[in-house]
Amino acid sequence: MPLSVPGPTLGVVGGGQLGRMLGEAAAPLGVELVVSDPTPDAPAAPVARDQIVGDFDDPETVRTLAERADYLTYEIELTDPDVLESVSEETGVPVHPAPETLRIIQDKLVQKERLRDAGVPVPEFRAVGSAAELRTALEELGYPAMLKAREGGYDGRGNVLVESPDEVDAAFEKIAGPAMVEEFVDFERELAVMGCIGVDGTDAFPVTETIHEEEILRTMVSPARTDDATLSAARAVADDVLSVMAGRGVFGIELFDTGDDILLNEIAPRPHNSGHWTIEGCHTSQFEQHVRAVTGRPLGSTERRGPTATANLLGDVSERQPATLRGEEAVFGTDRAHLHWYGKSEVYRLRKMGHVTVSGDGGTGPDDVLRTARDLRDGCTFHPEEDP
Ligand code: ADP
């Protein structure tokens, strides 16, 4: 693939932090980005040649994006697979991962059914369309259980924990739409694997341990602090998941480690928060890997450079307000620590605003890098008046 200027253009539906980090990774490869996002000046806009302002699922917006691009991809599941498919057919611009993959993943029930049918271990689940169906399902699955909206949930929004029969009606009312209910998995830890499908085969990044609070990813570390048999089992489940996915790209595969089994939680057909550590932690980042995969270049090495941890910088304010981060000097003042700022002008509670990654050397282990990443995160705040 000879390179010239302007280089090949990747059209990305979605211009959030994932689009921004895709742009940062694409530039050294000579690949330019055009993104589409409904919010003007989206986080990816400064690193993209252009932003088209329009909804993720708007056919005109996706067509305009395709007309400006040589390849199409998406960094958000809220786009419409039918639109992607028809625009790709009309314009001849290839889209990856395949719209069929997005169709499966968008609906948590369909996703779980397809994976279970392919032999991937998943928690027990039932489809539920009413409070009465939920009650019946829970007679079999037992309490507590996790009720999940089939579509549109993210960062735990769209999930309701149901702890007793008294909570059934209120829980279903919160979802108020097609749902699925899943046994509550009493996991020892959560793991994630970034799987990759390229022109030259499949691969995966080393297993990541992910730590959630209030169902939102807070910190992650690789290597995961577990035994080799568990790491191999996680990788084997990820390989099985990849065999169900169509089209190229990276896939965030979230897993539960129960101590006895690895169960699949869910898949994202795109770079994922649990893979942010790969920017400094691996020879190829998940973002470079996605650009390579969707533009038809061979995959890069997924080898880990050393133990690496990432802590998310989440909004720590109660009211929506202009965002000013304080306390970040300590990140710049720490060896092997790196700040990633997503460029969002406003902060609200738990909004993902950036992250801090800390890499170790031969003498440091996962506990050390995780502790440093957490300390640096704890030293940062969006509170206007507070000394961090
Ligand atoms: P989202 O799609 O909003 O990210 P997930 O379905 O991945 O939501 O759930 C977010 C988090 O909630 C998980 O990472 C896990 O911590 C918890 N969770 C989800 N499903 C279950 C379950 N069946 N049992 C126990 N915890 C769960």
Side-chain angles (χ1 to χ4, degrees), residues 14 16-18 74-79 101-102 104-116 120-128 134 137-138 140-164 167 171 174-175 177-195 207-221 224 226 234 237-238 241 251-276 310-312 314 349-352:
Q17 65 263 24
L18 300 175
Y74 42 93
E75 56 96 91
I76 188 153
E77 284 96 317
L78 297 176
T79 184
T101 298
L102 181 59
I104 296 169
I105 286 177
Q106 265 180 341
D107 184 327
K108 284 187 176 182
L109 176 68
V110 173
Q111 185 187 139
K112 283 263 155 67
E113 286 172 344
R114 280 294 290 270
L115 290 157
R116 178 197 57 197
V120 174
V122 298
E124 269 224 68
F125 64 91
R126 302 278 185 281
V128 289
L134 176 58
L138 289 177
E140 290 169 29
L141 293 182
Y143 294 87
M146 197 64 100
L147 178 65
K148 299 186 174 187
R150 283 174 57 175
E151 293 197 22
Y154 67 99
D155 287 347
R157 280 166 258 198
N159 288 358
V160 187
L161 182 69
V162 197
E163 294 192 271
S164 73
E167 295 179 4
K174 272 198 198 154
I175 301 281
M180 62 173 289
V181 64
E182 203 169 80
E183 68 172 301
F184 188 83
V185 181
D186 189 16
F187 53 78
E188 277 186 8
R189 64 183 68 74
E190 290 186 81
L191 301 173
V193 178
M194 294 305 309
V207 180
T208 311
E209 178 179 345
T210 55
I211 299 137
H212 296 73
E213 280 162 46
E214 290 179 73
E215 296 185 40
I216 297 187
L217 181 57
R218 306 296 169 124
T219 49
M220 68 216 78
V221 63
T226 185
V237 170
V241 167
F251 298 84
I253 301 167
E254 296 185 82
L255 306 166
F256 297 126
D257 170 13
T258 68
D260 299 319
D261 297 298
I262 298 292
L263 300 176
L264 177 87
N265 176 25
E266 66 170 354
I267 307 165
R270 53 168 172 78
H272 188 261
N273 193 169
S274 61
H276 288 358
T310 293
N312 283 340
L314 303 177
R349 191 176 122 76
L350 297 180
R351 188 177 201 195
K352 288 177 178 168

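Order of appearance sets the numbers: ligands from 1, and atoms from 1 within every ligand. Quick note: residue numbers are just sequence positions, from 1. If you're wondering where the values come from, they're calculated on a predicted model, not measured in any experiment.
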As an exercise, identify every atom of ligand 1 less than 4.0 angstrom from a heavy atom of [X].
X	answer
Glu266	1 (P), 2 (O), 4 (O), 5 (P), 7 (O), 8 (O)
His212	14 (O)
Lys148	6 (O), 19 (C), 20 (N)
Glu190	13 (C), 14 (O), 15 (C), 16 (O)

If you define the side chain from C-beta out and look only at heavy atoms, does anything of Leu350 sit under 4.5 Å from Arg218?
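Yes - at least one pair of side-chain heavy atoms lies under 4.5 Å apart.
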Distance-only, no hydrogens or angles: does the Asp257 side chain make a donor-acceptor pair with backbone N or O of Leu191 under 3.5 Å?
no
Spell out, as yes or no, whether a donor-acceptor pair under 3.5 Å connects the side chain of Thr208 to the backbone of Thr210.
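No.
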Would Glu182 and Lys112 pass as an ion pair if we require N to O under 4.0 Å?
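Yes, charged N to carboxylate O under 4.0 Å.
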Quick one: which of Leu255, Thr210, Asn265, Asn159 has a heavy atom closest to atom 8 (O) of ligand 1?
Asn159
Any chance you could lay out the side chain to side chain donor-acceptor pair (under 3.5 Å) test for Glu190 and Asn265, step after step, and finish with the verdict?
CA-CA 9 Å; Glu190 290 186 81; Asn265 176 25; 4.6 Å; no
Taking distance alone, with N or O pairs closer than 3.5 Å, would you say Phe184 contacts ligand 1?
no
